[in-house]
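Comments concern the structure below.
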Amino acid sequence: MKSQTPQHALQASDVNDLRSAIALLKQHHGQYIETDHIVDPNGELAGVYRHIGAGGTVKRPTRIGPAMMFNNIKEYPGSRVLVGVHASRQRAGLLLGCKPEDLAFHMGQAVKNPIEPVNLSTGSAPCQEQIFRADDPDFDLRKLLPAPTNTPLDAGPFFCLGLVLASDPELGVSDVTIHRLCVQGKDELSMFLAAGRHIEVFRQKAEAAGKPLPITINMGLDPAIYIGACFEAPTTPFGFDELSVAGALRNRAVELVDAVSVPQKSIARAEIVIEGELIPNVRVQEDQHTHTGHAMPEFPGYCGDANPSLPLIKVTAVTMRHHAILQTLVGPGEEHTTLAGIPTEASIYNAVEAAIPGFLQNVYAHTAGGGKFLAILQVKKRTATDEGRQGQAALIALAAYSELKNVILVDEDVDLFDSSDVLWAMSTRYQGDISTTFLPGIRGHQLDPSQMPDYSPSIRDRGISCKTIFDCTVPFALKDRFVRAPFQEVDPRPFAPELFD
């Protein structure tokens with residue numbers, strides 16, 4: 001029999017920061033482990049977690065496993081590094097208080113019912129228990145925080161879960177986004193900003209005015225904050241504060257506090273906050289110190305190219321909690337699928353449900369696409385007039401999430417979270433010449449290495465893609481010929497109780 005949950009057990013609704021999230025995970029077998037074995041943040045830490053729980057598009061062998069805390073970091077006494085908090089769909093469900101298969105619906109409701117963040121008085125925030133100012137002659141970010149590298153090809157040490165908070169210098173609206181941040185010096189970071197991101201718009205406005213853009217980089221957060229921040233336009237249009245999604249998920253506003261060295265807000269219960277300014281008209285080569293030619297392993301599973309010209313952040317201060325936890329991820333791992341994919345699923349579900357109520361049963365942003373490139377849509381054809389709506393649903397999905405590349409459509413009897421079942425549907429309910437729709441010349445994602453003119457003459461520019469819909473659904477008129485073999489319904493628990501504890 002299953003053990004009874006103790007009366008004092010934490011629930012997802014009790015989580016308000018990273019430490020309470022860890023406490024919740026500790027209550028569930030196989031979701032969290034710690035090690036006191038010394039580890040080098042330079043490559044070794046990621047190499048270890050590859051085998052423990054990275055998953056995703058990481059080179060095999062890898063697997064889905066527990067979140068892992070490293071308590072003994074080489075050359076950083078007293079520092080702790082946590083990896084893999086989001087690297088499991090089951091763990092995401094535990095942390096957000098819903099079944100793993102219901103995450104798209106749960107997130108979809110949250111984005112439609114936002115709760116705006118609130119401000120705390122200065123001096124009352126846990127994130128400012130310790131303050132290190134960059135104008136101190138002994139300040140050195142490289143010695144203060146153990147930023148990891150993932151591979152020997154990395155451009156340098158990276159903060160991989162730095163949630164950047166910035167504001168439009170003209171309109172005052174704020175935005176939060178996770179960005180790639182490479183340590184370039186004792187008080188300098190390079191920052192990769194994809195074209196069209198809201199913070200990139202803020203930076204361009206500030207630069208046009210010849211002014212720096214004040215920002216905070218918030219690390220070690222309530223998982224609801226990270227995952228809520230990964231919604232994108234058009235679901236969260238310009239001016240929408242994604243911190244309000246986390247507020248809805250917790251039914252409690254995210255708390256902010258004034259930064260100590262720049263006119264910007266920090267997330268009050270963050271483990272670590274780096275404060276600074278994006279400097280106008282200054283660019284740096286991402287791998288200027290290593291000259292590897294690469295940045296870091298990206299979600300498609302490859303080591304991306306180093307960017308030759310990135311904006312520079314001048315660090316002004318670092319604030320942190322006592323015994324702070326540096327949170328990171330392995331670039332191509334399952335953690336990216338959770339963070340990027342579940343908001344993708346929610347965006348697609350909301351858009352399709354609004355257009356074709358009751359037709360779409362569920363969505364899975366598959367880990368093979370890093371939560372961005374591949375979506376499985378489970379649909380239910382209820383009448384003859386629903387035939388063809390599956391294609392409409394796929395087109396809506398591609399419009400709702402512009403970085404999506406391939407859509408696979410399956411019927412309601414197919415487990416969309418089971419790749420073998422999806423491939424079974426493709427093997428028995430799909431004919432390539434009539435079940436495939438090609439949409440060439442559509443803007444995709446710049447990190448897809450196949451979206452290059454030298455890969456295919458049909459591609460006019462980097463980031464242009466042929467998007468594809470694979471219809472693996474049975475025609476409504478033939479549904480009675482594609483009924484899966486029936487089995488007797490039984491309760492298996494008395495026969496193998498150890499498998500169900």
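Because the structure is predicted, anything quoted here is derived from the model rather than measured.
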Minimum-distance pair of heavy atoms, taken over all atoms of [X] and [Y]:
X: N218; Y: Y226; result: O-OH, 3.8 Å
X: P234; Y: A400; result: CD-O, 3.4 Å
X: K372; Y: E232; result: NZ-OE2, 3.1 Å
X: I115; Y: G247; result: CD1-O, 3.5 Å
X: I64; Y: A87; result: CG2-O, 3.7 Å
X: P343; Y: T338; result: CD-O, 3.8 Å

Is there a side-chain contact between [X] and [Y] in this structure, where contact means two heavy atoms from C-beta onward sitting under 4.5 Å apart?
X: T177; Y: L193; result: no
X: V85; Y: L161; result: no
X: Q378; Y: Y364; result: no
X: F159; Y: L145; result: yes

Tell me yes or no: between the side chains of [X] and [Y], is some donor less than 3.5 Å from an acceptor?
X: D36; Y: N72; result: no
X: N42; Y: T149; result: yes
X: S167; Y: Q264; result: yes
X: N71; Y: E34; result: yes
X: T319; Y: Q128; result: no
X: S419; Y: H366; result: yes
X: T151; Y: K59; result: no
X: T367; Y: E334; result: yes

> Can we call the ring centroids of F132 and F139 under 6.0 Å apart?
Replying inline: no
Q) Would the F299 and F373 ring centres measure less than 6.0 Å apart? A) yes
*asked:* Run the salt bridge (charged side-chain N to carboxylate O under 4.0 Å, His left out) test on E242 and R197 for me, step by step, so that the C-alpha distance in whole Å, both residues' side-chain angles and the decisive distance to 0.1 Å come before the verdict.
replied: CA-CA 13 Å; E242 286 88 353; R197 300 289 189 189; over 6 Å; no
In V176, D175, I199, the residue satisfying side chain to side chain contact (heavy atoms under 4.5 Å, CB included) with V164 is I199
